[in-house]
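Every heavy atom of this structure was used, including side-chain atoms; hydrogens, water molecules and symmetry mates were not. Given the structure is predicted, the values throughout are model-derived calculations rather than measurements. Proteins come first, then strands; the chains are lettered A, B, ... in the order of their sequence lines, and each starts at number 1.
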Protein chains: 2
Amino acid sequence: MTDVKSGNNPLFLREEELRQSIELLFFAYRDFTAEPDQILKDYNFGRAHHRVIHFVGRNEGMTVSELLDILRITKQSLNRVLSSLITRGFIEQRTGIEDRRQRCLYLTEEGRKLEQKLSRVQRDLVARAFREAGGDAVAGYRKVLSGLINDTNRDKILDGILKP
Amino acid sequence: MTDVKSGNNPLFLREEELRQSIELLFFAYRDFTAEPDQILKDYNFGRAHHRVIHFVGRNEGMTVSELLDILRITKQSLNRVLSSLITRGFIEQRTGIEDRRQRCLYLTEEGRKLEQKLSRVQRDLVARAFREAGGDAVAGYRKVLSGLINDTNRDKILDGILKP
DNA sequence: ATTTTACGTCAGTCATGTTGACATATATTT
DNA sequence: AAATATATGTCAACATGACTGACGTAAAAT
């Protein structure tokens, strides 16, 4: 406690608090993805497939470019994952009605089942954490995480999450 | 609003809230790691190197197995990253004093500089989000993320984060 | 008619994870 | 003292998911 860095130095306390909060995010994300990863193994899918299934499930009919914009990966990266999901019957593509260049993405029956399965374990995990933390804490969690999203696209994302 | 799934069904609202919260975690994590990733490129390092630098910086003198336990990767995976950090002079190993089998890990001067550089951008990001969200929200954020950590090792991690 | 956009694809590379087998030094147990 | 267990390192092969760069095709926009 007589350490120069600790003691009563408020700047140190602040830095320490920030570092702790950064680690919390790492550990929470690590454990939050562990269960789905296990399930995906049974299908020979990976986390990338999960993300596609998740976002297509949340935005049925979204286009490939919209998906790319969310995932922030190249179309070549997406393509491997997406085409395996299509080939194996978890996702379906339909030509856009207004713009026939677009490929609109939908979950198949099978895809929806897997989406449910994956979503279930994550929702249960979050639900438990929410229940234990209480309503005010949940509001704080959402507020802080929203603030962590890059402000250049925060509004777009938050609009998307809190559906139009 | 007359949709069967929405309307006033409280179970649906709960599910929707949970799904939103899951996405928030994804987006926050994505944007939270973007800046450090850019910096790491200049050093020809990746996110894996960042994690090692971060945790060694936070736990100077930690052993290889302790690090493995935190990262949850195989020693072979760690080795590639760790040995490049050692070769290039960012991390130093010292034989354990009590147990001479152990290799205790320390940041070098260079390592500490890089750690600062990476930590700085993340702390600034978190600090801004905290400032905008307010103290109560921060408490909630920490409470919820703590709850998301797998309970089999939550105590150990939280003890570690809130240093002994 | 030309250009731009949305999407697909081939080819090669890199970072980071995995499994499995084996080696070496040190500590612990018998 | 000998046998066993532990901490670490290392070799080899492989999978996933990211990247860049180049090129192609259909449809929309100019």
Side-chain angles (χ1 to χ4, degrees), chain A residues 26 29-30 33-34 36-56 61-88 91-106, chain B residues 26 29-30 33-34 36-56 61-88 91-106:
Chain A
F26 168 79
Y29 198 82
R30 183 195 70 174
T33 48
D37 284 354
Q38 276 313 108
I39 295 174
L40 290 157
K41 267 191 187 170
D42 302 338
Y43 294 79
N44 280 311
F45 285 147
R47 206 175 283 181
H49 300 84
H50 185 185
R51 291 195 279 256
V52 171
I53 285 177
H54 172 89
F55 285 109
V56 172
M62 77 189 305
T63 67
V64 171
S65 14
E66 283 165 355
L67 185 53
L68 283 173
D69 190 48
I70 284 179
L71 298 176
R72 294 279 172 78
I73 57 176
T74 59
K75 63 175 173 177
Q76 295 93 325
S77 289
L78 174 59
N79 200 257
R80 190 167 26 189
V81 171
L82 185 55
S83 57
S84 79
L85 283 167
I86 292 168
T87 306
R88 290 180 47 194
I91 282 189
E92 188 191 340
Q93 274 183 328
R94 297 182 209 152
T95 298
I97 298 178
E98 292 189 0
D99 187 336
R100 292 173 45 78
R101 289 172 302 182
Q102 296 179 335
R103 299 286 170 269
C104 301
L105 304 171
Y106 298 86
Chain B
F26 167 79
Y29 199 83
R30 183 195 69 175
T33 48
D37 284 355
Q38 275 313 109
I39 295 174
L40 289 157
K41 266 191 187 170
D42 301 338
Y43 293 78
N44 279 310
F45 285 147
R47 207 176 282 182
H49 300 84
H50 186 186
R51 290 195 281 257
V52 170
I53 285 178
H54 172 89
F55 285 109
V56 171
M62 77 189 306
T63 67
V64 171
S65 14
E66 283 165 353
L67 185 52
L68 282 172
D69 190 48
I70 284 179
L71 298 176
R72 296 278 172 78
I73 56 175
T74 60
K75 63 175 174 177
Q76 295 93 324
S77 287
L78 174 59
N79 200 257
R80 191 167 22 194
V81 172
L82 185 55
S83 56
S84 79
L85 284 167
I86 292 169
T87 306
R88 291 181 47 196
I91 281 189
E92 188 191 339
Q93 276 183 325
R94 299 181 207 152
T95 299
I97 297 177
E98 293 188 357
D99 188 334
R100 292 174 46 80
R101 288 172 303 182
Q102 295 178 337
R103 299 286 171 267
C104 301
L105 305 172
Y106 298 85

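When side chains are defined from C-beta on, A:T95 does not count as touching A:Q102, because their heavy atoms never get closer than 4.5 Å.
Of the inter-residue distances, the one linking B:D37 atom CG with B:R30 atom CZ reads 12.5 Å to the nearest 0.5 angstrom. The CD1 atom of B:I91 lies 15.0 Å from the CZ atom of B:R103; values are rounded to the nearest 0.5 Å.
A nucleotide of DNA chain C counts as in contact with chain A when one of its atoms lies under 4.0 Å from a heavy atom; the first and last such, 5' to 3', are C:dT5 to C:dC10. Here the range on DNA chain D touched by chain A, meaning any atom under 4.0 Å from one of its heavy atoms, is D:dG17 to D:dA28.
Scored by the side chain to side chain donor-acceptor pair (under 3.5 Å) test, B:H54 finds A:E23 as partners (sequence neighbours excluded). Annotation: ring pair (Phe, Tyr, Trp, His ring centres under 6.0 Å) contacts of B:F55 (sequence neighbours excluded): A:F26, A:F27. For B:S65, the side chain to side chain donor-acceptor pair (under 3.5 Å) test picks out no residue, with sequence neighbours left out. Remark: B:R94 pairs with B:E92 by the side chain to side chain donor-acceptor pair (under 3.5 Å) rule, at least two apart or across chains.
Applying a 4.0 Å cut-off to non-hydrogen atoms, the residues of residues 61-78 of chain A that approach DNA chain C are A:T63, A:V64, A:S65, A:K75, A:Q76, listed by residue number. The stretch residues 95-103 of chain A touches DNA chain D through A:E98, A:D99, A:R100, A:R101, each having a heavy atom under 4.0 angstrom from the strand. Remark: nothing in residues 40-47 of chain A comes within less than 4.0 Å of DNA chain C through any heavy atom.
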Please set out all donor-acceptor pairs under 3.5 angstrom arising from side-chain atoms of residues 80-88 of chain B, sequence neighbours excluded.
from  : atom 1 : to    : atom 2 : distance (Å)
B:S83 : OG     : B:N79 : O      : 2.6
B:S83 : OG     : B:R80 : O      : 3.3
B:S84 : OG     : B:H49 : NE2    : 3.2
B:S84 : OG     : B:V81 : O      : 2.9
B:T87 : OG1    : B:S83 : O      : 2.6
B:R88 : NH1    : B:Y43 : O      : 2.9
B:R88 : NH2    : B:Y43 : O      : 2.8

Output a table of donor-acceptor pairs, distance under 3.5 Å, between side-chain atoms of residues 66-73 of chain A and any protein atom two or more places apart or on a different chain; print 'none' if there are none.
from  : atom 1 : to     : atom 2 : distance (Å)
A:E66 : OE1    : A:T63  : N      : 3.0
A:D69 : OD2    : A:K156 : NZ     : 2.8

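With DNA chain D read from its 5' end, the first of the two nearest nucleotides for B:I86 and A:A48 is the one closest to B:I86.
Axis angle, first five pairs versus last five pairs of the helix from C:dA1-D:dT30 to C:dT30-D:dA1: 20°, rounded to 10°.
More than 12 heavy atoms of other residues, nucleotides or ligands sit less than 6.0 Å from atom CZ of B:R47.
Closest heavy-atom contact between A:G61 and A:C104: O-CB, 3.4 Å.
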